[in-house]
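Data first, discussion second: the structure below is written as structure tokens.
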Amino acid sequence: MSRLFWLGAGVAAGVALSRKVNRTARKATPAGVADQLGDAVRELAEAVGSFGADVRAGMTERELELHEDVAERTGIVTGGREQRTITLPDNGNRQVTRMAGTLEETGSQGRRARRAGR
């Protein structure tokens with residue numbers, strides 16, 4: 001009975017080791033390296049995008065705080081309260097209207113309607 005146990009344990013260890021060696025060898029091939037590199041670049045891009053969004057949100061929040069402080073201390077309403085429309089650089093299909101700290105997006109349909117005088 002003991003010999004059968006050790007035979008089974010040896011077969012299981014051999015299969016596990018064989019699979020691990022094959023996975024490691026697959027990672028060393030050009031296709032495996034490309035997969036790893038693609039995953040790393042995708043992860044980096046997500047991290048940079050998230051960081052940029054956090055920075056923009058913080059900048060907007062701080063800008064509004066500064067406008068409110070100026071208005072409170074001097075009584076002068078600064079540019080943070082007026083409406084500004086910015087066309088984003090994605091082929092001009094989207095506009096962002098910033099008014100009193102809020103962002104509203106309008107698609108190309110809204111812009112076409114404004115151009116047509118509707």
Side-chain angles (χ1 to χ4, degrees):
M1 192 66 162
S2 165
R3 290 181 185 177
L4 188 59
F5 170 75
W6 288 113
L7 177 67
V11 169
V15 168
L17 183 63
S18 171
R19 286 184 152 189
K20 185 151 183 105
V21 167
N22 283 338
R23 267 189 259 140
T24 304
R26 163 83 171 100
K27 287 181 181 180
T29 64
V33 170
D35 286 344
Q36 289 178 339
L37 183 61
D39 291 343
V41 169
R42 192 172 11 265
E43 192 174 313
L44 177 65
E46 289 174 5
V48 168
S50 176
F51 175 74
D54 290 344
V55 168
R56 282 189 298 277
M59 285 175 23
T60 302
E61 184 178 335
R62 181 64 180 143
E63 182 182 359
L64 289 174
E65 289 174 4
L66 291 173
H67 285 295
E68 289 172 1
D69 282 348
V70 168
E72 184 180 307
R73 290 180 182 185
T74 64
I76 299 171
V77 177
T78 59
R81 304 251 185 242
E82 62 192 36
Q83 181 174 345
R84 288 185 272 170
T85 302
I86 304 164
T87 302
L88 297 176
D90 61 347
N91 299 328
N93 292 331
R94 198 169 57 142
Q95 287 187 342
V96 174
T97 302
R98 184 180 177 284
M99 183 172 179
T102 61
L103 292 176
E104 300 171 10
E105 292 189 21
T106 56
S108 59
Q109 297 295 332
R111 194 170 69 242
R112 286 188 202 136
R114 281 192 299 276
R115 278 192 216 148
R118 297 183 201 154

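Excluded from the calculations below are hydrogen atoms, water molecules and symmetry mates; all remaining heavy atoms, backbone and side chain alike, are included.
Taking the salt bridge (Lys or Arg N to Asp or Glu O under 4.0 Å) definition, one finds that E65 meets it with R62, sequence neighbours left out. Partners of R19 by salt bridge (Lys or Arg N to Asp or Glu O under 4.0 Å), not counting sequence neighbours: none found. The side-chain contact (heavy atoms from CB on, under 4.5 Å) check on T74 picks up V70, I76, with sequence neighbours excluded.
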Return a table of donor-acceptor pairs under 3.5 angstrom between the side chains of residues 26-38 and protein atoms on other chains or two or more places apart.
residue : atom : partner : partner atom : Å
R26     : NH2  : D35     : OD2          : 3.3
T29     : OG1  : R26     : O            : 2.7
T29     : OG1  : G32     : N            : 3.3

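S18 places no side-chain N or O within donor-acceptor distance of the main-chain N or O of G14, the cut-off being under 3.5 Å.
Among residues at least two apart or in separate chains, there is no salt bridge (Lys or Arg N to Asp or Glu O under 4.0 Å) pair with a member in residues 69-78. Residue pairs satisfying the side chain to side chain donor-acceptor pair (under 3.5 Å) criterion with at least one member in residues 41-52, sequence neighbours excluded, are listed as follows: D39-R42.
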